[in-house]
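For reference, the structure discussed in these notes is given below.
Numbered from 1 within each chain, the chains take letters A, B, ... in sequence-line order. Being a predicted model, the structure only gives us computed values, none of them experimental.
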There are 2 protein chains.
Amino acid sequence: MAADHSYDGMNRSLERGIAILRAFKPGVADLGNAEIAERTGLAKATVSRLTQTLVSGGLLQRDPRRRVYRLAPAVLSLAHAMRLSSPMLSVVAPLMRAEASRRRVNVGLAAADQDMMVYLESFRYHPRLTHRTVVSGQRIPVELTSLGRAYLWALEPSAREREYAAIAKRRPKTYKRLIREVERSFAELDRLGYCAVGWQPGVVAVATTLPFGAGEPHLMNMSIGSVEPLEEAAHRLAPWLLDLKRRCLNRLEHAAVSELS
Amino acid sequence: MAADHSYDGMNRSLERGIAILRAFKPGVADLGNAEIAERTGLAKATVSRLTQTLVSGGLLQRDPRRRVYRLAPAVLSLAHAMRLSSPMLSVVAPLMRAEASRRRVNVGLAAADQDMMVYLESFRYHPRLTHRTVVSGQRIPVELTSLGRAYLWALEPSAREREYAAIAKRRPKTYKRLIREVERSFAELDRLGYCAVGWQPGVVAVATTLPFGAGEPHLMNMSIGSVEPLEEAAHRLAPWLLDLKRRCLNRLEHAAVSELS
DNA sequence: TCTCATGTTCCATCAGGTGGAATTCGGGTG
DNA sequence: CACCCGAATTCCACCTGATGGAACATGAGA
């Protein structure tokens, strides 16, 4: 999908293999070769060979009875390796958890993947159980959420333009209105260092950036189920979020320094 | 790595791309092109091109300053999609969690990936915090653990031989003794439906199979930190495990039936 | 048994992947 | 600031091996 670059330095087979993996998402769990071919626009024969390779590489497994493929345990291993490897996660997660429990709110950390935001970690506050991390890996739209807007805000202009183009393509109808809202969030971020959005009824979220290192920007949010007006809830959450952000950046600084041993 | 099949129906570039992804594991978080080339045995130029493709596909991200790649958020999304898609997980996990809390033990669900076992889910009992799921995706050796032995036991002879060969290659020294131990576990599984292993000091684990559907076998275990002798602890855990297994299979049966609507 | 839908294998074609060598890039050093 | 060194990228000629249409297998359902 997307603009086909005449020819960059990209490896075609691998690109296609990745496209096949990405065809699996929550809701589309099991896919046969035919459906994969349809969704990716690849030739049947090609899909057949690539899925074989993905199976032998352990990223897909097939259910021969139902003639479908699904994602294999190896993707869990990769995710596990990633979480352990991320200094961001290992340093910040404990602070997030403590804050979620102390303030009785949800606290999330996210980064961008293509034109979606992905939760790297999310501690949900739940009055009964202690908060558990369930939604790591969950994808949410960039243009509708506080996390996504903070992300767009953090981007340099050229990259931001690319994102806008993706949004325009995805939502031609509401595009103009969305951008206007997005830029109102930018103003908030400029002025106050956070933005507040209530994209799901009864849920208020505030988000900010967690700028560290050279890579992709990370975003942090805090959210709460609430009946009070957005403004009010946001004003309550924002100081907590900004304080948490400050402490996280401190810790990251320390961790980076002590790593130079 | 491993035996290079002269030429099966495998796509070489994709195979190599997967090999690169697999080079990232807990402990080896950041890899430069050079190190990837070394670890995978690929040519520098090839690695350079494939990593570019993986980055553009969102599976890797690069830290330009440190000149290294690491796994990208998209792998979390894939893992997330996988967990949601697995009927096994969604049906069985609640039962596992309840059991972990009720019996005050660790309860795990695993499947095989290549020659390792991968935890699909694991509820650790912890007296303080409620049990959380942390280790999903963690890899443990097949030959030393109760889960792994139950897996080997569930395999058909030809596949089991392949696993034996892999073990022999990995541990030429202790191979013979290991196989003897493994087959003692088989005897337990034949007689009692479970096997008990204490592969880490002070930890006793019992495991059994969770045969459902046509795909790869799933394994379930229960473990506990304990100072009592293995036999004794195992006798305490086994009835709980087998009862849990029975209830899980029931639920799976129901779920499968009601899916035919 | 026939039929239809889906997956796999074949094969001629040639796009495009490959790896050694040359080049560029960056960061550390005197 | 010029220099150097290791790493990454780009170039390029070679030719492997990926590709997709068509033929062939494989099951499931009628």
Side-chain angles (χ1 to χ4, degrees), chain A residues 1 4-21 23-24 28-57 59-70 72 213-215 256 259-261, chain B residues 4-21 23-24 28-57 59-70 72 213-215 256 259-260:
Chain A
M1 62 177 100
D4 44 305
H5 18 233
S6 49
Y7 178 57
D8 323 323
M10 303 292 104
N11 180 303
R12 190 164 54 141
S13 307
L14 181 51
E15 245 177 356
R16 291 171 165 190
I18 294 171
I20 291 177
L21 286 179
F24 293 85
V28 285
D30 310 294
L31 292 174
N33 274 334
E35 194 161 3
I36 294 174
E38 190 186 356
R39 282 173 190 262
T40 58
L42 301 174
K44 283 196 315 171
T46 304
V47 170
S48 178
R49 267 167 296 156
L50 292 179
T51 48
Q52 279 180 44
T53 305
L54 287 166
V55 167
S56 103
L59 296 188
L60 289 184
Q61 65 189 166
R62 64 174 297 149
D63 179 343
R65 201 163 45 85
R66 301 193 41 218
R67 300 170 145 233
V68 292
Y69 297 91
R70 67 180 47 170
E259 198 176 309
L260 301 179
S261 60
Chain B
D4 44 308
H5 18 228
S6 50
Y7 179 58
D8 322 322
M10 303 293 103
N11 180 302
R12 190 166 54 144
S13 307
L14 180 51
E15 244 177 356
R16 291 171 164 190
I18 295 171
I20 291 177
L21 286 178
F24 293 84
V28 285
D30 310 295
L31 292 174
N33 274 334
E35 195 162 1
I36 294 174
E38 191 186 355
R39 282 174 190 263
T40 56
L42 301 173
K44 284 195 315 172
T46 304
V47 170
S48 179
R49 266 167 293 147
L50 293 179
T51 48
Q52 279 180 47
T53 305
L54 287 166
V55 167
S56 103
L59 296 188
L60 289 184
Q61 65 189 169
R62 65 173 297 150
D63 179 343
R65 201 163 45 85
R66 303 193 42 218
R67 301 171 145 232
V68 291
Y69 297 91
R70 68 180 47 170
E259 197 176 308
L260 300 180

Interatomic distance where CD belongs to Gln52(B) and C1' belongs to dT9(D) [whole Å]: 7 Å

Sequence-distant partners of Thr46(B), side chain to side chain contact (heavy atoms under 4.5 Å, CB included), two or more places apart: Arg16(B), Ala43(B), Arg49(B), Leu50(B)

From dG20(D), dG19(C), dG17(C), nucleotide with atom closest to Ala43(A) side chain: dG20(D)

If you restrict it to nitrogen or oxygen atoms, what contacts under 3.5 Å exist between nucleotides 5-8 of chain D and the protein, and what is each distance?
unit_1, atom_1, unit_2, atom_2, d
dA8(D), OP1, Asn33(B), N, 3.2
dA8(D), OP2, Ala34(B), N, 2.8

Interatomic spacing from OG in Ser13(A) to CZ in Arg12(B) - rounded to 0.5 Å: 10.0 Å

Residue whose nearest DNA chain C nucleotide is more 5′ - Ala45(A) or Leu50(B): Ala45(A)

Test side-chain contact (heavy atoms from CB on, under 4.5 Å) applied to Ile36(A) and Leu42(A), step by step: CA-CA 8 Å; Ile36(A) 294 174; Leu42(A) 301 174; 5.8 Å; no

Listed partners of Ser48(B) passing side chain to side chain contact (heavy atoms under 4.5 Å, CB included), at least two apart: Asn33(B), Gln52(B)

Selected nucleotide, minimal atom distance to Arg12(A) side chain, candidates dG19(C), dG17(D), dA15(C): dA15(C)

Nucleotide dG17(C), atom C1' - distance to CZ of Arg16(B) in whole Å: 9 Å

Atom pair distance, as rounded to whole Å: CG in Leu54(B) and P in dG17(C): 13 Å

Separation of dA18(D) P from Glu15(A) CD (nearest whole Å): 16 Å

Terminal axis angle for the helix from dT1(C)-dA30(D) to dG30(C)-dC1(D), five pairs an end, nearest 10 degrees: 50°

Atom-pair distance (CG on Leu42(B); C1' on dT9(D)), nearest Å: 16 Å

d(CG, Asp63(A); P, dG7(C)) in whole Å: 12 Å

Stepwise side-chain contact (heavy atoms from CB on, under 4.5 Å) check, Leu31(B) with Val68(B): CA-CA 5 Å; Leu31(B) 292 174; Val68(B) 291; 6.0 Å; no

Verdict with reasoning, Leu60(B) to Leu21(B), per side-chain contact (heavy atoms from CB on, under 4.5 Å): CA-CA 8 Å; Leu60(B) 289 184; Leu21(B) 286 178; 4.0 Å; yes

Salt bridge (Lys or Arg N to Asp or Glu O under 4.0 Å) pairs, two or more places apart, involving residues 37-48 of chain B: Glu35(B)-Arg39(B)

Contacts of Thr53(B) that satisfy side-chain hydrogen bond (donor to acceptor under 3.5 Å, both in side chains) - sequence neighbours left out: none

Listed partners of Arg70(B) passing side chain to side chain contact (heavy atoms under 4.5 Å, CB included), at least two apart: Pro87(A), Asp30(B), Gln61(B), Arg66(B)

Nearest-angstrom distance from the residue atom CG of Asn11(A) to C1' of dT19(D): 14 Å

No-H, no-angle donor-acceptor pair, Arg49(B) side chain to dG16(C) base, under 3.5 Å: no

Distance, rounded to the nearest Å, where Arg66(A) contributes CZ and dT26(D) contributes P: 22 Å

N/O (side chain, Ser13(B)) to phosphate O (OP1/OP2, dT18(C)) under 4.0 Å: yes

